Chemist: 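Dropping a structure here in structure tokens format, bear with me for questions.
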Protein chains: 2
Amino acid sequence: MRYLSSIRYIDAVVKAGSIRAAADTLAITSTALNRRILAMEEELGVPIFERLPHGVRLSAAGEIYIHHIRNQLSDMERVKSQIADLSGVRRGHVSIACSQALLPYFLPSQIALYRKEHPNVTFGVHLRDREAAEQALVDHSADLAIVFEPVRLADFMTLIRVRQPVHVVMAAGHPLAAKTSVRLFECASYPVSLPTAPYGVRHLLDIAMRVAGIRLDPVIQSDSFEFLRNHAVAEDILTFQIPIGLGDETSTGQMVSRPIDSRDVPSGILYLGQLKGRTLPVAAARFAAQLTSTLANQFEVS
Amino acid sequence: MRYLSSIRYIDAVVKAGSIRAAADTLAITSTALNRRILAMEEELGVPIFERLPHGVRLSAAGEIYIHHIRNQLSDMERVKSQIADLSGVRRGHVSIACSQALLPYFLPSQIALYRKEHPNVTFGVHLRDREAAEQALVDHSADLAIVFEPVRLADFMTLIRVRQPVHVVMAAGHPLAAKTSVRLFECASYPVSLPTAPYGVRHLLDIAMRVAGIRLDPVIQSDSFEFLRNHAVAEDILTFQIPIGLGDETSTGQMVSRPIDSRDVPSGILYLGQLKGRTLPVAAARFAAQLTSTLANQFEVS
DNA sequence: CGGGGCGCTGCAATAACTGCAGCAGGGCAT
DNA sequence: ATGCCCTGCTGCAGTTATTGCAGCGCCCCG
């Protein structure tokens, strides 16, 4: 789409932070790029960028304008995918920002399932904490976001919410594995590991401990759920995760998980959402529909 | 905005129905326009238009694309007005589609009030029946719509709803003018005039007559509310209108209006709305805010 | 069965854009 | 302070894209 090149150039300059740097990534000379930007600013009547000694930065007007540009560019993608869709081809790209719990089991199986039907659709999966995931939607670097216990929800349009009770994860031989449901105070008798503070599971546990007056002193803290899971088995300690991240690993025999009694720790909520007010490309919309139905079937809708 | 000329050209072709006709309105040759369209179709990979012997028509892909184009163009207007707004200038244009009742009193006074604050904002007021008003929102020929008893509300985002009880309008000397509220059966004793079928007032009255088993045989039918109002005074017959269209004409002495008892005819509802999912230009948004507050103060919110 | 509308295509003139080289200016390490 | 590097910006020349003028073939309508 050549008539969009000007605004794509501006987008590149914003991303690169300088005209010359952007010109490199765009494979044109800085002269041409500079002139186009000057022309755009001329037409707009106000400067888009502030000129700094080491590059350029968006002006106030530019902030408004770049928003419009990103909207246009990704809406154009949607249009192209819709047009491709009505000529029978199912192509496209789906970009997802999600938290760790989705990576080990849920997303791989869901993407595989979708690509079995539509092999020409490509995927991008980006690990983002709950705040960065929303930011990814805003700057159009992701079509969908899946986050656990999101902080703020401005610009976020929820497609489905499912309950995720916190589970305690342990080696199969652990004493607590004999129970079907575990009380929080029972965990206090054993060594535990916890995710670091910014994560939703930790957040729920912190509140629960404060309310119940129980202290769990973690012998291990980590920001990797995968490490916590594997270490729990290796050293026979407890850790805490949500069921969507525990696919069928718990059925292999090495590792088991048991829900914590909901009187102690309330269920967290997992959100699937998109940018508010945006019409998703066909592929992303269909994949979101698949996720919605799978989530609704596998978990309790909140 | 020169980089938008291509898509503006396409929009013009859609509106004109043929390339040559559009070229005239755009003050360019049909050659240039034709070539740009061919180039766009080349880039898009599919034809935007179907070629007919007497012009062109949108293809299926074109339908999708023109939607995107109109969005882009009017979103650009919004961006420009927002940018103008932050540099302190209050410019812009507000286009309104509304039904007849708004024309005599309400909109003139509201627009005058607004323009007193912002003299650089221009207005377009377009008379549209309740279905055409919504269509005007969809094709971006109007920013706001004010309609009485709308038929369908897809794509319509309601900003405010106010009750509009049907009033009977008559000359000051009419016997019914002595009452503060009028029952429907009382009207049956006098000659009446009615709006024609497609209008909301007529619709409400038709239902009321059927329910109450009363027949009002109109000696005059007209699609002009202004004519009905003036004729009611001239020939001393009754007619029916909603209060928002009766500003202060009724206080000049020539003409009076009295509400019909709500047991007989339920209140109609007047809707102020915009296109769903659209961010309005600053001027339109501010004017809508003014309308909302005025309506909320003068009438009963529904 | 012409006439007038339509979309489309060579060809030449024009307008727009790009790239090269070089300018001034500000931060940074010597 | 002083080169050095990177920044945005500008004349000039070459190149590319766009436009307008005729003119072609087409189909509907009278």
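Just so it is clear: chains get the letters A, B, ... in the order the sequence lines come, proteins before strands, and each one is counted from 1. The figures here come from the full heavy-atom set of this structure, side chains too, leaving out hydrogens, waters and symmetry mates. Everything numeric in this text was worked out from a predicted model, so none of it was measured.
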Chemist: Distance check needed: dG30(D) C1' versus His54(B) NE2, whole Å only.
Modeler: 11 Å

Chemist: Could you state the atom-to-atom distance from CZ of Arg51(A) to C1' of dA24(C) in whole Å?
Modeler: 16 Å

Chemist: Could you tell me how far apart Ile48(B) (CD1) and dG7(C) (P) are, to the nearest whole angstrom?
Modeler: 14 Å

Chemist: Without decimals, in angstroms, what is the distance between Asp24(A) CG and dT18(C) C1'?
Modeler: 16 Å

Chemist: Between Ser95(A) and Ser141(A), is there a donor-acceptor pair closer than 3.5 Å when you use the side chain of the first and the backbone of the second?
Modeler: yes

Chemist: Atom CD of residue position Gln221(A) - does it have more than 12 heavy atoms of other residues, nucleotides or ligands inside 6.0 Å?
Modeler: yes

Chemist: CZ of Arg20(A) versus P of dA21(C): gap in Å, rounded?
Modeler: 13 Å

Chemist: Given dC20(C), dG8(D), dC27(D), which nucleotide is nearest the side-chain atoms of Thr29(A)?
Modeler: dC20(C)

Chemist: Are a donor atom and an acceptor atom from the side chains of Arg91(A) and Thr122(A) found within less than 3.5 Å of each other?
Modeler: no

Chemist: Choosing from dT19(D), dG11(D), dC8(C), which nucleotide comes nearest the side chain of Leu38(B)?
Modeler: dC8(C)

Chemist: What integer distance in Å separates Glu43(A):CD from dA16(C):P?
Modeler: 11 Å

Chemist: Looking at dG7(C), dG19(C), dG20(D), which one has an atom nearest to any side-chain atom of Val56(B)?
Modeler: dG7(C)

Chemist: Looking at Arg36(B), I'd like to know whether one of its side-chain N or O atoms comes within less than 4.0 Å of OP1 or OP2 on dA17(D).
Modeler: no

Chemist: Would you say the ring centroid of Tyr3(A) lies under 6.0 angstrom from that of Tyr3(B)?
Modeler: no

Chemist: Take the protein atom CD of Glu50(A) and the nucleotide atom C1' of dG26(C), then report the distance between them rounded to whole Å.
Modeler: 16 Å

Chemist: State whether Asn34(B) places a side-chain N or O below 4.0 Å from either non-bridging phosphate oxygen (OP1 or OP2) of dC8(C).
Modeler: yes

Chemist: Given side chains that start at C-beta, do those of Val138(B) and Arg278(B) come closer than 4.5 Å, heavy atoms only?
Modeler: no

Chemist: Nearest to the side chain of Ser18(B), which nucleotide is it out of dG7(C), dT19(D), dC21(D)?
Modeler: dG7(C)

Chemist: Between C1' on dT18(C) and CG on Leu26(A), what's the gap in Å once rounded to a whole number?
Modeler: 14 Å

Chemist: Of Gly55(A) and Arg2(A), whose closest DNA chain D nucleotide lies nearer the 5' terminus?
Modeler: Gly55(A)

Chemist: Using heavy atoms to find the nearest nucleotide of DNA chain C for Gly17(B) and Arg35(A) separately, return the residue whose nucleotide is more 5′.
Modeler: Gly17(B)

